[in-house]
Amino acid sequence: MPPLFDFTQFPTLETERLILRELRLTDADAVFRIRGDYEVTRYNIGAAYTSLDQSIALIESVLNGYREENELRWGIVLKDAPRSEAGQVIGVCGYNYWSRIDHRGSVGYDLARPYWGRGIMPEALTAIINFGFERMGLNRIEADASFYNTASTHVLEKLGFHQEGLQREQYFEDGSYHDLRLFALLKRDWENKAKTFSNNQA
């Protein structure tokens, strides 16, 4: 078993198509293009960004959360991006909090609209889930999604998350109340899913 992650060095993750790396202040423009798009943020709590300063504040918050060992969030980069876009962040994902006592964390994610429908977020989340169970010692990973965010719900269910509840009228935005679906994935369910897939490939 690898040692538990201890925040001494930011963990860069790689998948077939992606590099998940630490966010930098130089990513502010890219983050603004993501979080400033209403279609990306319409189901998030909070309105779409209207200024670059908001993106800078988000990155600073993510970096501070890492330094304080409270959260761990990655910028998503395509390996085969055109030269003009090489190294550019196209999404943000990771653990918004980590309860060591309960061996529990919660994931959140955003992806730039031009990259929707390509299987990028399930690929990124698979790496993050594996990291959580293998390196963070998690037993349970939680997530939530707006009742109307069918795309996010599909991603979570595809990865094996189970809906455990519904918080009715959980937040107020755009003049109305919105319901929030609550999901969770247990380590044993993830391992059983991997075993089933392996057996089917044999």
* To do: Under the side-chain contact (heavy atoms from CB on, under 4.5 Å) rule, what do T12 and E22 come out as? Steps first, then yes or no, please.
  => CA-CA 7 Å; T12 299; E22 187 173 20; over 6 Å; no
* Atom of Y95, atom of I128 and distance for their closest heavy-atom approach -> OH-O, 2.7 Å
* Salt bridge check: are K79 and E14 linked by an N-O gap of less than 4.0 Å? -> yes
* With no hydrogens and no angle check, do the side chains of Q170 and R181 hold a donor and an acceptor under 3.5 Å apart? -> no
* Looking at G87 and V77, what are the two nearest heavy atoms and their distance? -> CA-CG1, 3.6 Å
* **Residue of the set D27, L58, D110 for which side-chain contact (heavy atoms from CB on, under 4.5 Å) holds with I34** => D110
* Reported CG-to-CZ distance for the pair L63 and R24, which is rounded to 0.5 angstrom -> 11.0 Å
* **Carboxylate-amine/guanidinium contact E164 R140, below 4.0 Å** => yes
* To do: Kindly give the heavy-atom pair with the smallest separation between R73 and F10, and that separation in Å.
  => O-CZ, 3.5 Å
* Taking C-beta and beyond as the side chain, do T153 and F183 meet within less than 4.5 Å on heavy atoms? -> yes
* Under 4.5 Å between any side-chain heavy atoms of W74 and L13, yes or no? -> yes
* For D53 and S51, test the side chains for any donor-to-acceptor distance below 3.5 angstrom and give the result as yes or no. => no
* **Side-chain heavy atoms of V89 within contact of R21, under 4.5 Å** => yes
* To do: Please round to the nearest 0.5 Å and tell me the distance separating atom OG of S106 and atom CD of E71.
  => 11.0 Å
* Asked: What orientation do F5 and F131 show, parallel under 30°, tilted 30 to 60°, or perpendicular over 60°?
  -> perpendicular
* **E39 atom CD: more than 12 heavy-atom contacts under 6.0 Å** => yes
* Who are the salt bridge (charged side-chain N to carboxylate O under 4.0 Å, His left out) partners of R113, not counting sequence neighbours? -> D37
* Asked: Is any side-chain heavy atom of Y171 closer than 4.5 Å to a side-chain heavy atom of S146?
  -> yes
* For the atom pair CG (D179) and CG (D144), what is the distance rounded to the nearest 0.5 Å? -> 12.5 Å
* Asked: Can W98 and N70 be said to form a side-chain contact (heavy atoms from CB on, under 4.5 Å), step by step?
  -> CA-CA 6 Å; W98 176 9; N70 293 325; over 6 Å; no
* To do: Report yes or no: is the cationic atom of R118 (NZ for Lys, CZ for Arg) closer than 6.0 Å to the six-membered ring centre of W116, at no more than 45° off its axis?
  => no
* Any chance the side chains of Y177 and R168 put a donor and an acceptor closer than 3.5 Å? -> no
* Residue that, paired with I129, satisfies side-chain contact (heavy atoms from CB on, under 4.5 Å) out of V107, L159, L138 -> L159
* Asked: Do Y97 and E142 meet the criterion of a side-chain donor-acceptor pair at a distance under 3.5 Å?
  -> yes
* To do: Drop me the distance from I76's CD1 to T15's OG1, to the nearest 0.5 angstrom.
  => 9.0 Å
* **No-hydrogen, no-angle side-chain donor-acceptor test under 3.5 Å, S99 and D102** => yes
* So do the side chains of L18 and E123 get within less than 4.5 Å of each other, counting heavy atoms only? -> yes
* **Nearest heavy-atom neighbours spanning Q88 and A30** => CG-CB, 4.0 Å
* For the atom pair CZ (F147) and CG (L180), what is the distance rounded to the nearest 0.5 Å? -> 11.5 Å
* To do: Kindly say whether P122 contributes a backbone atom to a donor-acceptor pair with the side chain of T126 at under 3.5 angstrom?
  => yes
* With a cut-off of 6.0 Å (strictly less than), are more than 12 heavy atoms of other residues, nucleotides or ligands near CZ of F7? -> yes
* Asked: Can you find a pair of side-chain heavy atoms, one from I90 and one from L111, that are under 4.5 Å apart?
  -> yes
* Y115 and L78: side-chain contact (heavy atoms from CB on, under 4.5 Å), yes or no, with the steps? -> CA-CA 10 Å; Y115 302 94; L78 276 178; 3.5 Å; yes
* **Euclidean distance, E69 CD relative to R100 CZ, rounded to 0.5 Å** => 6.0 Å
* **Minimum heavy-atom distance between M121 and Y109, given as atom pair plus value** => SD-CB, 3.6 Å
* Find out whether M136 and R104 are in side-chain contact, i.e. whether some heavy atom of one side chain is under 4.5 Å from a heavy atom of the other. => no
* Minimum side-chain heavy-atom gap R17-D80 below 4.5 Å -> no
* To do: Look at the side chain of N192 and the backbone N and O of R188, then say whether any donor-acceptor pair between them is shorter than 3.5 Å.
  => yes
* To do: Specify the closest pair of heavy atoms between S55 and A28, including all atoms of both residues, with the distance to one decimal.
  => CB-O, 3.5 Å
* Cluster link I141 to L186, ILVMFWY, side chain under 4.5 Å -> no
